[in-house]
**Q** 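Got a structure for you, questions after.
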Amino acid sequence: MTENVGVDLGGWLRANQVSPGDLAGIVVEPDGSVAVAVPGGALATTPGQLLPADREIRPRWAVWSQETARALVAGGVRLTTCWDVAAVHRLLSGGWRADPAFAWACLHGVPADQIPSPASGQPDLFSFADEQQAPALGAAEALQAAELQRAALAAGNDRGIAVATARSESTVELLAAELAADGLPMNRAAIEGLLADIVGLRPRGPGDAAEIRAARDERVLRHAPSGVIADLRSNGQVRTLLAAAGIDVPDTRAWRLEEFKDKSPLVAALLEWRKAERIATTYGYAWLDEALGPDDRLRGAWTGCDGAAGRMTASSGLHNMPAVLRRAVIAEPGHLFVRADLGQIEPRVLAAVSGDAALAAAATADDMYLPVAAQLSVDRPTAKVAMIAAMYGQTTGHGGNAARRMRSAYPIAMGYLDDADRSAQAGQDLRTYGGRLIRMSGGAGAAEAESAGARTGRGRYGRNAVIQGAAAELFKMWAVTVRARAAPLGARIVLCLHDELLVHVPEDRAAQAAELVGDCLAETARRWAPGGPVRFIADITTVRCWADAKG
DNA sequence: GATTTCACGTA
DNA sequence: CGTACGTGAAATCC
C-alpha cells in the first residue's frame, strides 16, 4: 500500500473518479491510522481526513463491521453512510455470526467447517493481513449486492428493496455506534429521587443495605401465617409460603398470582415486593454506577440487529427500563425531546408486505381497527384480537367467527401469514420483505419423531418473524433517514425502541425537528412501499421529559 | 465455576 | 396475545 498520509483524501478520491454513493473501503488500523481503498488503488490516511472527504464526496464507506464506526466515533468522526459487511451478511444468511472470514467464506460457498485460518494463506481467499482488508471490502460489497438481488428474486421479493434494506441496515450500525457513544440523557437528581422513593436512599454500607432489604422483606412476611418464614428470593420457598396461606399454585409468576391479589394481602404485598426488588437489583444504584456516566448519560452497547427477526438490541436496560423510571429521562438544559412512535405498525406492515388491497384500504384510517371491525361486523376489541392472533399465531380458540371473517375479508394478508407458518413448520427458511433470512433449517429441523408442539411453535415463530422483521426494517430505514436529516439541526437520536424514536434537539429547533421526523416517515414509506398503497402514521410529541409523552 | 431455570421489564 | 431481547438470582450441573 502506498504511504501517503499527507495527501488530501478528497482530492485523491476525486482523482480516482469516486462519485457520491460510490464505494470506498475503510479499515481502522490498530495504530489508529486509516486505510482507504477504491478500485483504482489504496491510501493510508488519518481519521481526520475522512470527515471533509465524507462531506465533499459522500462515498458509501465499506466497512467490515460496527467496530470501525466505534473507533471513528470515539475520535469524533461520524460518517454519513456505509456498507457494513457484517450487517449485510446477517441479512443475507441469518443468524448472528458475521466475522469477516465467515462472511467471506459464505460468499464463496466455502462450508463453515472448511474456513481456512488466517495463517494458512490460501490464495483464493483474501488475506487477513491488515493492508489487504480495505481492498477486500469493495469485493465483498459487490458480491453481497449481487447475492442479495439473487436471493430476493428467488424468494419472490423485490430486488430494489433488498439493496435499499442492506444500505439502511448498514447505516444503522453507524447509528448504533453513535447511540452507544452519546447515551440517553438522564437527570441524576430525578433518578436518585425516584430510587429513594421506590427502594430507599442509597445504602451507606453492606450493613445498611441488609437492613433495608430485611425491612422490605418484612412488609411481605408480616402477612404470612404466624411462624412461617421464607426467603422471598427463592421461588420454591415462596410457593411453600403461599401454600401455607392456602394458595396452591404451580409456579409463582405474577400473572398467575394476579387473581389472588384482591383477596390475599400476602399476595398483594408479594407483588409489590417483586416490583421494588426488580428495581433494587436491576435498576438500582449499582445500575446507575455502572451505566450512568459523569455527564449524566445512560450508556449501553447497541447492535443494529438481533440474530432472529432483526430488531435492534441494547444493553444496560435501555430497552427494558421500567416505565416509572422514564420520569428521570429529561432533556439537557436548552434541549427538548422529539418522541415519535409508529402507530399500529404491524397490521400496516402486513398490508404492505402481503399486498392486500383491502387491508391497505383499512390502513387509510388513523385507527385501522375501526374499518376492520366494520368489515368483519364485530366490535373493535374483537377485531384487534383477531388481527393480532392471525399475525402472532393463536393457541386458544382456534377459529371463531372473527377469524373466519378475517380470512374472507383479507385473503391475501391471511394467505401470506399462512404461507410463512407452513414453510416454518416444514423447516424451510423464510425471507422477510427486505430480504432477511429467517433460519428454520439447521436446528431440530424436519426431524422424523418431532412433536406437534415443536412444529406449531416454529409456525408461530415464522408467522411472527416475517411481520416483526419487516417492521424492524421499515423502522430502521426511518431511523437512518431521521439521523441524516436531523444532523444539520444539531438533533441526535438518543434512543431507538423498536417502533419508537427519541430525538434530543436544541429547544429552538424542536418544532422543526418534529416536523422533519414526520416528513422522514412519509419519505421512508414512499421508498419502502412504492406506489404508496399503505398509510403509515406516527404519533409525534415534543417534550422535556420522556414520561410526558403519552405511552 | 459454568450453565440452566425462573422471573419480569420493554416493544 | 404471541414473539423477541437483556438482566439478575437461585437452582442445578459438572
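Within every chain, numbering begins at 1; the chains are lettered A, B, ... in the order of the sequence lines, protein sequences first and strands thereafter.
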**Q** Roughly, in whole Å, what's the span from CZ in R253(A) to P in dG9(B)?
**A** 13 Å
**Q** Give the rounded distance in Å between these two atoms: CG of D251(A) and P of dA9(C).
**A** 21 Å
**Q** Indicate whether OP1 or OP2 belonging to dG9(B) is found under 4.0 Å from a side-chain N or O atom of R326(A).
**A** no
**Q** Of the nucleotides dC6(B), dG6(C), dA4(C), which one has an atom closest to the side chain of Q468(A)?
**A** dA4(C)
**Q** Picking from L502(A), D182(A), L179(A), what satisfies side chain to side chain contact (heavy atoms under 4.5 Å, CB included) with R492(A)?
**A** D182(A)
**Q** Please state how far atom CH2 in W287(A) lies from atom P in dG8(C), giving the value in whole angstrom units.
**A** 11 Å
**Q** Any ion pair linking D306(A) and R311(A) (charged N to carboxylate O, less than 4.0 Å)?
**A** no
**Q** Taking C-beta and beyond as the side chain, do L359(A) and M368(A) meet within less than 4.5 Å on heavy atoms?
**A** yes
**Q** Hey, is the side chain of R460(A) poking within less than 4.0 Å of OP1 or OP2 on dT3(C), counting only N and O atoms?
**A** yes
**Q** Looking at the side chain of N320(A), which of dC6(B), dG2(C), dG9(B) is the nearest nucleotide?
**A** dG9(B)
**Q** Round to a whole Å and report the spacing from CE of M312(A) to C1' of dA4(C).
**A** 15 Å
**Q** Choosing from dA11(B), dG8(C), dC5(C), which nucleotide comes nearest the side chain of A308(A)?
**A** dC5(C)
**Q** Return the value, rounded to whole Å, for the distance between atom CG of L270(A) and atom P of dA7(B).
**A** 11 Å
**Q** Can you tell whether the side chains of R535(A) and D366(A) come within less than 4.0 Å, N to carboxylate O?
**A** yes
**Q** Respond yes when some side-chain nitrogen or oxygen of R311(A) is under 4.0 Å from OP1 or OP2 of dA4(C), and no when none is.
**A** no
**Q** If each of Q237(A) and H498(A) is mapped to the nucleotide of DNA chain C with the nearest heavy atom, which maps nearer the 5' terminus, i.e. the 5' end?
**A** H498(A)
**Q** Of the candidate nucleotides dT3(C), dA11(B), dC5(C), which contains the atom at the shortest distance from the side chain of D306(A)?
**A** dC5(C)
**Q** Under 4.0 Å from OP1 or OP2 of dA11(C): is there any side-chain N or O of S234(A) that close?
**A** yes
**Q** What nucleic acid atoms does R233(A) come within less than 4.0 Å of, heavy atoms only: base, sugar-phosphate, or nothing?
**A** sugar-phosphate
**Q** If you apply the rule side-chain hydrogen bond (donor to acceptor under 3.5 Å, both in side chains), what do you find for T252(A) with R274(A), and how did you get there?
**A** CA-CA 11 Å; T252(A) 70; R274(A) 284 250 176 92; 2.9 Å; yes
**Q** Looking at the base of dA7(B), is there any donor atom on it, or on the side chain of R274(A), that sits under 3.5 Å from an acceptor on the other one?
**A** no
**Q** Measure from the side chain of T281(A), starting at C-beta and using heavy atoms only, and say which of dA4(C), dA11(B), dA9(C) lies closest.
**A** dA9(C)
**Q** Mind checking if A314(A) touches a base, just sugar-phosphate, or nothing, with heavy atoms under 4.0 Å?
**A** sugar-phosphate
**Q** Which nucleotide in the set dA7(B), dG8(C), dA11(B) lies at the smallest distance from any side-chain heavy atom of T252(A)?
**A** dA7(B)
**Q** Taking the basic N atoms (NZ, or NE/NH1/NH2) and the acidic carboxylate oxygens, is any pair closer than 4.0 Å for R407(A) and D418(A)?
**A** yes
**Q** Have a look at M321(A) and say if it touches a base, only the backbone sugar-phosphate, or nothing, with a 4.0 Å heavy-atom cut-off.
**A** sugar-phosphate
**Q** So which nucleotide from dT7(C), dC8(B), dA7(B) ends up closest to the side chain of A254(A)?
**A** dC8(B)
